Each structure stands twice: as C-alpha cells, then as structure tokens.
Amino acid sequence: MRITPRNDALSLKVLQGLALSLSFIDGQIMAPLSRLFLFWLLNAVATCASADDFTVGDITVSRGEQVSGFITVPEGIDEATRIPVTIAHGAAHGPTLALIAGIHGYEYPPITALQALRARLDPAILSGTVIMVHIANPPSFFGRTIYYSPADRKNLNRVFPGDPGGSVSQRIAHLLTTEVIDRADYLIDLHGGDGNEALRPYVYMPVTGDAILDAKIEGLAVAFGLDHIVMDTGPQHVAGPSLFVDQTALERGIPAITTETGQSGSNDPYWVGLAEQGVWNVLRHLDMIAEEEVANTGITWLSDYTVLNSPQSGIFRAVTKDGYVVTEGAVLGVLLDVFGNELTAIRAPFSGIVNYVISTPPVSEGEPVAMISKIANR
Ligand SMILES: [Zn+2]
C-alpha cells in the first residue's frame, strides 16, 4: 500500500499552540528542555496522524472517512478541466483499489455504478482504500463524444502515461498516472460499449507471462463475475509508451483488468448493475469487505481477439449481433456508400464470438466495425 504522508499544517499548528500554552501553565515553571520534549512529542503525534491520511489531487482523507473532490488539470496549451474523484479510506488497513470510469465519455454505466458505489461503501467497515475516478474524461463526457475528446481529438486510452506539457487528454493521462495509478495496488478500468457499439459484456484479462502478476490479474478478472473473459495475450508494450490505462498499471507491476459493461449509449440499470456488482465482488475477493466471495461459474474463455476495422468511410449495416457465435467467413455487416449502394461485406476471419459490433450507421476508414474472439480450450 502506498500512502502519501501529508504535512497537515493546520493540526500541526493546533498542537504546537497546545504545546506553547501548556509550557506556560503556572507561569514559566516548565524548563526549556521539558518544553522542547513536549513540542517533540506533540509534533510526533501530529506527524503520525497525518502519515495515515490519503491524498489524491485536492482531496485528503483520514482513515475511516470518505471524501469527494477533484483532481485539477490546469490549463495548458488548451482548456483546463477537473476530474471528480472519491476516496474511501477504510478504517482498517488493506490494499488500495483504483476504479476508473469514464475514460471514454459516452460509456455511461460504469460512471453511474461508481456513484452508486460511493453511496454504498462504508469506510468504517472497509479494509484498505478505494479510489473512485467518477469521470476520467470530462471534456468527452460533457461534449458527448465517442472515442475522442472534443478538445484535442485524442483517444484518452491511447495517450498513457500522458504528458504534463501536452494537450488536455495527455495532461489528464499524466495526472491519472501519477495521482491514481501510481498509488494503486489493484486497478479496474471500467468501460462499456461506446455510444456506437452493441457489446456483449466481458472482461479483458491481460496475460503478461509473469506468473505471480498473472495469478492476481486472473483473480480480479474471475471475481468481477462476468461470464465472458477475453485473454489479452497481445503485446505488453515492452517498448514505447504504455498507451492504455491497464498497460500503465501492468508496467508498474500493478494487477489490472479492463471491464466492458453497457452498450450504445444506454445507461440502463441492467448495465449499471453489472459494473457495480462486479466491483463489489472484487472488494470481496480482495478481503476489503467482510463478505464471502461469490464463485464465478460457467466462464466462457476467449482468445485471439481481433478488431475488424472499416476499409473505408461509409455507412455500416450490421448483419450479426453482439454475443452471436459466427463461423469463419460469415458476413458480420455490410458497408454502404451514402446512397445505400453496397461497397463491401465485412466477414468473420475465424469462427468465434462477436464481442461487439457497430450499432449506428457512420463508420470512418480505419475505425472498428466489430470485434471477434475465438472460444478457447481451457
Ligand atoms: Zn471505452
């Protein structure tokens, strides 16, 4: 667990004042050495208390308390923003779990789930600390954009670990890395199908090759409780920037998963509930709350996930649906020109499960139309 000691100027001043007034009880009877000792003692007490506090951005929270506030992203080459954050700092010691919602601003269910979790968590009976990032990407959320920030046209989940001198997405990524990811012992990056994606819920489970780390990642992935787990054995970014939230955590040895609950801009309670219950299951798994972990049975393990990108801009008409099982060569959808003439068919490269498919008409060249995975033998 990583705790930032806080120099609590206010309580220090109060205790120093107390020391000063005590030293003058009955006039000047206290010897200078005793006075020095009293100062030392009370300052030590003050330092002890503050070392147990937890600070993120503008928020400092004492043990057994929950506080909400903001990580301020100062103005740079473009606009400033503020990231809403809640810290539940448990009365008992335990791990620090970072929960990040709203990296993509049109993926609403995790954002609503963290609001519910904020009301549901009781720091008095919590072991460890939960950092909830409610809306990681306010420009995208309030600008109602898929994939990209309206401020700088960057995808926040492709610019990690960020750059303090960059545009607003890069500055957000930098502060999330230093203020949140660096502080976590475990991390969940909560997504859903974006505003244009019909998505069958699943968890991305990174597989790094480090047995100890992988066991912890799998623990999170299974505990979250969804019945589709996509094993992500892709490049773990041995060189170059981490780009993704989960990769940024993994590079720091922090077990991380990415979850996908929700679709097509819906904030339906069903999707919200999946995200909220998933986090609750992980709190049980990490022994952060005193509840028995609920076994996840009947997982379909998926591998070789492949995102199919549109060969050109146009109008996409899905033929398949999210969660469908398709055979190799099956048509997943057709690409039309703006008059409705068929340009090409998008086919499944192998037999597998459709994780998501684009559910609204416009597509741009090089952007996703569907994601498909193989059903793994495991
Ligand atoms: Zn997303």
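Predicted model, so just to flag it, every value in this text is computed and none were measured.
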Is it possible for you to say whether [X] and [Y] belong to one hydrophobic cluster, with membership spreading through side-chain heavy-atom contacts below 4.5 Å?
X	Y	value
Ile257	Tyr305	no
Val307	Tyr204	yes
Ile358	Leu199	no
Ile135	Met132	no
Val159	Ile71	yes

Spatial distance of atom [atom1] ([X]) from atom [atom2] ([Y]) [nearest 0.5 Å]:
X	Y	atom1	atom2	result
Thr258	Leu190	OG1	CG	9.0 Å
His228	Ser373	NE2	OG	9.5 Å
Arg347	Thr320	CZ	OG1	13.0 Å
Ile188	Leu114	CD1	CG	9.5 Å
Glu197	Ile146	CD	CD1	7.5 Å
Thr86	Ile59	OG1	CD1	7.0 Å

Would you say [Y] and [X] are linked by a side-chain donor-acceptor pair, where the criterion is simply a distance under 3.5 Å?
X	Y	answer
Ser167	Gln170	yes
Ser313	Ser364	no
Asn196	Thr360	no
Thr72	Asp58	yes
Asp53	Thr60	no
Ser140	His104	no
His89	Glu65	no

Contact check, side chains of [X] and [Y], non-hydrogen atoms, under 4.5 Å:
X	Y	answer
Ile372	Ile353	no
Thr261	Leu226	yes
Ile100	Leu187	yes
Ile83	Leu176	yes
Asp185	Leu97	no
Val326	Val354	yes
Arg82	Val73	no
Arg183	Phe54	yes

Salt bridge Asp78-Arg171, side-chain N to carboxylate O under 4.0 Å: yes

Glu260/Arg200 salt bridge by N-O under 4.0 Å criterion: no

Exceeds 12 heavy-atom contacts within 6.0 angstrom, atom CZ of Arg158: yes

Over 12 foreign heavy atoms within 6.0 Å of CZ, Phe70: yes

Can you tell me if [X] uses its side chain to pair, donor with acceptor, with the backbone of [Y] under 3.5 Å?
X	Y	result
Arg284	Glu293	no
Asp214	Val207	no
Asp210	Ile212	yes
Asp194	Tyr147	yes
Asn137	Ile103	yes
Thr177	Pro161	yes
Ser310	Gln312	yes
Ser351	Glu328	yes
Gln277	Leu274	no
Arg63	Gly90	yes

Heavy atoms only: give me the nearest [X]-[Y] pair and the separation to one decimal.
X	Y	value
Ala173	Gly162	CB-CA, 3.6 Å
Pro138	Ile172	CD-CD1, 4.4 Å
Met205	Ile217	CG-CG2, 3.8 Å
Phe244	Phe160	O-CB, 3.9 Å
Pro206	Asp246	CG-OD2, 4.0 Å
Pro139	Ser149	CB-OG, 3.7 Å

For Val294, the rest of its hydrophobic cluster, which grows through side-chain links under 4.5 angstrom: none

Residues clustering with Ile77 (ILVMFWY side chains joined when closer than 4.5 Å, directly or via others): none

Residues that Tyr108 engages under ring pair (Phe, Tyr, Trp, His ring centres under 6.0 Å), provided they are two or more places apart: Tyr106, Phe141

Residue that, paired with Pro311, satisfies side chain to side chain contact (heavy atoms under 4.5 Å, CB included) out of Thr344, Val363, Leu343: Thr344

Criterion side-chain contact (heavy atoms from CB on, under 4.5 Å) on Ser127 and His93, from CA distance to verdict: CA-CA 5 Å; Ser127 299; His93 288 263; over 6 Å; no

Lys374 charged N/C atom sitting above Phe350 aromatic ring, 6.0 Å / 45°: yes

Aromatic centroids of Tyr356 and Tyr202 separated by under 6.0 Å: no

Criterion side-chain contact (heavy atoms from CB on, under 4.5 Å) on Trp280 and Arg120, from CA distance to verdict: CA-CA 10 Å; Trp280 204 256; Arg120 189 174 172 187; 3.4 Å; yes

Trace of the side-chain contact (heavy atoms from CB on, under 4.5 Å) decision for Tyr186 with Leu220: CA-CA 9 Å; Tyr186 298 91; Leu220 295 177; 4.0 Å; yes

Step-by-step side-chain contact (heavy atoms from CB on, under 4.5 Å) determination, Leu99 to Val130: CA-CA 7 Å; Leu99 306 169; Val130 181; 3.6 Å; yes

